[in-house]
Novice: 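Supplied in structure tokens, the structure appears directly below.
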Amino acid sequence: MTAGPEPRPVGRPTLAAVATTAEVLAHPELHEGLLAPWEVRRLAPIRIPSRRDDVLAARLLLRLCLARFTGRPPDASAPAQSCAACGRSGHGRPFLPGHPEIGLSASHADGLAAAAVGPGRVGIDVEPSTRRPGPLPVLRRLLPEADLEAAAANPDPGAALLRLWVRHEALFKAGDPGLRLLERTDPRRAAVVAVASTTPVTVCSPAP
């Protein structure tokens, strides 16, 4: 295994990928053996096979994005996680040890996975395009009323509300509401995705 060159992220575009869980798990470079012991322990309590596969796929897709961003192989691109609230590792926002200048984010939902890596803060969220978030009283506690009213006035309010939700989640994961946003619909995968980043976003194919 070679470490490869040191990543130099400044000024580079953010790299994002969206895939089905099946696509990720069929990728020849990605497998459960890449996971760190703490990640394997996090998977163990998940009893629903499809949900376990979604979580696994998101973690593996994040490694693939890291590998492509840094120029290192997937087995040398191991993210960690730390919670700012409790100070413990193993959960919270992912990061690349030794490289605080690189932002990481991953998401999964019902057979879909998404990941993003870039300079500075990064956040990504993916949802099936058929999902409709709610209930409204809960959304009112999380989203600006003006944005909810604008979504309700849209010709397709359900789809508009979903786009609003994924944008909110991407910004929340990045931890900076002022970041630029890329919103994208992937008809082939029936997915809606939003990426929050400090730089423009390049959406890459998860294929080898």
Side-chain angles (χ1 to χ4, degrees), residues 9 12-32 34-35 39 43 46 49-71 74 77 79 81 93-96 102-133 156 158-176 179-208:
R12 294 178 58 187
T14 293
L15 191 65
V18 181
T20 65
T21 294
E23 285 178 301
V24 177
L25 299 186
H27 195 289
E29 296 180 78
L30 304 177
H31 53 84
E32 194 167 333
L34 294 172
L35 299 187
E39 291 178 292
L43 286 175
I46 304 175
S50 60
R51 178 166 175 78
R52 185 184 189 280
D53 285 349
D54 289 345
V55 175
L56 173 60
R59 294 189 179 279
L60 293 176
L61 190 60
L62 182 58
R63 275 173 166 72
L64 182 65
C65 286
L66 257 174
R68 292 179 177 178
F69 188 82
T70 63
S77 302
Q81 281 184 270
R93 182 177 291 123
F95 66 96
L96 182 61
I102 297 178
L104 287 70
S105 186
S107 179
H108 57 83
D110 296 345
L112 296 169
V117 178
R121 290 184 177 270
V122 173
I124 192 167
D125 190 58
V126 67
E127 295 286 354
S129 58
T130 55
R131 177 166 291 174
R132 296 296 178 260
D156 187 348
L161 189 60
L162 179 65
R163 292 193 297 270
L164 179 62
W165 178 254
V166 296
R167 291 196 298 266
H168 164 79
E169 285 293 285
L171 289 168
F172 176 78
K173 290 178 181 180
D176 186 345
L179 293 181
R180 72 174 76 200
L181 274 166
L182 170 71
E183 180 193 307
R184 185 169 180 265
T185 300
D186 188 329
R188 185 166 75 84
R189 298 179 178 90
V192 176
V193 62
V195 186
S197 64
T198 60
T199 61
V201 178
T202 297
V203 180
C204 67
S205 169

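Every heavy atom of this structure was used, including side-chain atoms; hydrogens, water molecules and symmetry mates were not. All of these numbers come straight from a predicted model, not from anything done at the bench.
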Novice: Which heavy atom of F69 sits nearest a heavy atom of P13, and at what distance?
Specialist: CE1-O, 3.6 Å

Novice: Testing V201, L171, V166, V195 for side-chain contact (heavy atoms from CB on, under 4.5 Å) with L181, which one passes?
Specialist: L171

Novice: Restricting to side-chain contact (heavy atoms from CB on, under 4.5 Å), what partner residues turn up for F172, sequence neighbours left out?
Specialist: none

Novice: Using the side-chain contact (heavy atoms from CB on, under 4.5 Å) rule, take R59 and H108 through it: C-alpha gap first, then chi angles, then the decisive distance, then the call.
Specialist: CA-CA 9 Å; R59 294 189 179 279; H108 57 83; over 6 Å; no

Novice: Identify the two heavy atoms, one from A109 and one from E127, that lie closest to each other, and give their separation to 0.1 Å.
Specialist: CB-OE1, 3.8 Å

Novice: For residues L60 and L25, determine if any side-chain heavy atom of one lies less than 4.5 Å from a side-chain heavy atom of the other.
Specialist: yes

Novice: Taking side-chain hydrogen bond (donor to acceptor under 3.5 Å, both in side chains) as the definition, give me every residue that meets it alongside S197, ordered by chain and number, with sequence neighbours left out.
Specialist: none

Novice: Between atom CG of L162 and atom OG1 of T130, what is the distance when rounded to the nearest 0.5 Å?
Specialist: 8.5 Å

Novice: Might you work through the side-chain contact (heavy atoms from CB on, under 4.5 Å) test for I102 and V117, ending with a clear yes or no?
Specialist: CA-CA 7 Å; I102 297 178; V117 178; 3.6 Å; yes

Novice: Quick check for you: to the nearest 0.5 Å, what is the distance between R163 atom CZ and T185 atom OG1?
Specialist: 6.5 Å

Novice: Kindly write out the residues that satisfy side-chain contact (heavy atoms from CB on, under 4.5 Å) with A191, not counting sequence neighbours, or none if the list is empty.
Specialist: V18, L112, V126, D186, R189

Novice: Output the distance between atom OG1 (T70) and atom CG (L96), rounded to the nearest 0.5 Å.
Specialist: 7.0 Å

Novice: side-chain contact (heavy atoms from CB on, under 4.5 Å) with P79: which residues, sequence neighbours excluded?
Specialist: L62, R63, L66, L104

Novice: Of the non-hydrogen atoms in C65 and A17, which two are nearest, and what is the gap between them?
Specialist: SG-CB, 3.7 Å

Novice: Minimum heavy-atom separation for A170 and A194, please, with both atom names.
Specialist: CB-O, 3.5 Å

Novice: Does anything in residues 102-113 form a salt bridge (Lys or Arg N to Asp or Glu O under 4.0 Å)? List the pairs, not counting sequence neighbours.
Specialist: D110-R131

Novice: Applying side-chain hydrogen bond (donor to acceptor under 3.5 Å, both in side chains) as the test, list every pair that has at least one member in residues 115-125; sequence neighbours left out.
Specialist: S107-D125, D125-K173

Novice: Specify the closest pair of heavy atoms between C204 and R68, including all atoms of both residues, with the distance to one decimal.
Specialist: SG-NH1, 3.6 Å

Novice: Can you list the residues that meet the side-chain contact (heavy atoms from CB on, under 4.5 Å) rule with E32, with sequence neighbours excluded?
Specialist: L35, L43, R52, L56

Novice: For Q81 and P94, which heavy atoms make the closest approach, and how far apart are they?
Specialist: CG-CA, 3.7 Å

Novice: What residues, two or more places apart in sequence or in another chain, satisfy side-chain hydrogen bond (donor to acceptor under 3.5 Å, both in side chains) together with T20?
Specialist: E23

Novice: Could you tell me whether the side chain of P206 reaches within less than 4.5 Å of the side chain of V24, counting heavy atoms only?
Specialist: no

Novice: So, the side chain of S105 versus the backbone of I124: is there a donor-acceptor pair under 3.5 Å, distance only?
Specialist: yes

Novice: Under the ring pair (Phe, Tyr, Trp, His ring centres under 6.0 Å) rule, collect the residues that match up with H168, sequence neighbours excluded.
Specialist: W165

